[in-house]
Amino acid sequence: MISADDVGGVHIKYLYHCRRQLWLYARGFRPEQLSETVALGTAIHDISYARFSPVDLGAATLDHLDNQLWVHEVKHSDKRREADRAQARHYCHQLTRVGVDVQGAVLHYRSPRKTERFPYTEEEHMHASEDIEQVVATIALPESPPRLPKSRCRGCSYSDYCWSV
């Protein structure tokens, strides 16, 4: 269904958010396209970070790669999540695969304008490889992963389909 080369940043983000969301997304189920929150985030990104030039990697698109080979990712939430770091780490991994010797990643949090920088180390590389394997394995499941308890759901656009009462 999907190979390691096809894994993009959204797959990685959903791996950390909700495996059921990942499984549904891989099958073309995309309620986030109707989400006002997603539309607002896209508009804020386009206005606030217009100086960034997106880099298309095929299966993934990162927000920016600077001249010193640091991957930049803009996050619209003020909360730092492991999914943010995993997604940036994935972009570093993908660039390394095609011969770009990246330094690491910089996460830009819009509110309150903070940044988090981390180097792309061998440990980060191994973690990115494990994440890709987990994405492929989750998507290959014949049935969707179980619904999350409502208390663990983060209120994503899939919430009507992901959590149980």
Task: Val7 and Gln94, any side-chain heavy atoms less than 4.5 Å apart - done: no
- [ ] Hey, could you give me the NE2/SG distance between His125 and Cys92, rounded to the nearest 0.5 Å?
- [x] 11.5 Å
- [ ] Quick one: list whatever passes side chain to side chain donor-acceptor pair (under 3.5 Å) with Arg85, sequence neighbours left out.
- [x] Glu124
Task: Pairing residues for Asp84 by the side chain to side chain donor-acceptor pair (under 3.5 Å) criterion, not counting sequence neighbours - done: Tyr109
Task: Residue pair His11, Ile2: steps toward the side-chain contact (heavy atoms from CB on, under 4.5 Å) verdict - done: CA-CA 11 Å; His11 295 105; Ile2 186 173; 3.7 Å; yes
Open item on the list: So does Val74 get a backbone contact from the side chain of Asp63, meaning a donor-acceptor N/O pair under 3.5 Å?
Closed with: yes
Task: Glu123, CD: over 12 other non-hydrogen atoms inside 6.0 angstrom - done: no
Open item on the list: For the CZ atom of Arg80 and the CD atom of Glu116, what is their distance to the nearest 0.5 Å?
Closed with: 5.5 Å
Task: Lys75 bridged to Glu73 by N-O distance under 4.0 Å - done: yes
Task: Option among Arg27, Arg20, Gln21 that satisfies the side chain to side chain donor-acceptor pair (under 3.5 Å) test with Ser144 - done: Arg20
Task: Any side-chain heavy-atom pair of Ile132 and His93 under 4.5 Å - done: yes
Task: Gly104 to Trp70 - nearest heavy-atom pair and separation - done: C-CE3, 3.3 Å
- [ ] Report, as yes or no, whether the 6.0 Å neighbourhood of atom CG on Asp56 holds more than 12 heavy atoms from other residues, nucleotides or ligands.
- [x] yes
TODO: Flag the pair Leu107 / Arg117 as yes when at least one side-chain heavy-atom distance between them is below 4.5 Å, and no otherwise.
DONE: no
Task: Side-chain heavy atoms of Lys13 within contact of Arg81, under 4.5 Å - done: no
Task: Test item: Val136 and Gln134 side chains (from C-beta on) under 4.5 Å apart, heavy atoms - done: no
- [ ] Please report the shortest heavy-atom distance between Gln87 and Val10, naming the atom on each side.
- [x] NE2-N, 4.0 Å
Open item on the list: Would you compute the distance between atom CZ of Phe29 and atom CH2 of Trp23 and round it to the nearest 0.5 angstrom?
Closed with: 11.0 Å
Task: Exercise: do Asp131 and His90 side chains pair donor with acceptor under 3.5 Å - done: no
Open item on the list: Please find the pair of heavy atoms, one from Leu15 and one from Thr138, that lie closest to each other, and give the distance.
Closed with: CD1-OG1, 4.2 Å
Open item on the list: Using a 4.5 Å cut-off between side-chain heavy atoms of Ile, Leu, Val, Met, Phe, Trp and Tyr, which other residues end up in the same hydrophobic cluster as Leu57?
Closed with: Val55, Leu62, Leu65, Leu69, Val71, Tyr91, Leu95, Val98, Val100, Val102, Tyr120
Task: Minimum heavy-atom distance Ala105-Ala88, with the two atoms named - done: CB-CB, 3.6 Å
- [ ] In sequence, state the C-alpha distance, the side-chain angles, and the governing distance for Val135 and Ile12, and then conclude on side-chain contact (heavy atoms from CB on, under 4.5 Å).
- [x] CA-CA 7 Å; Val135 164; Ile12 298 296; 3.9 Å; yes
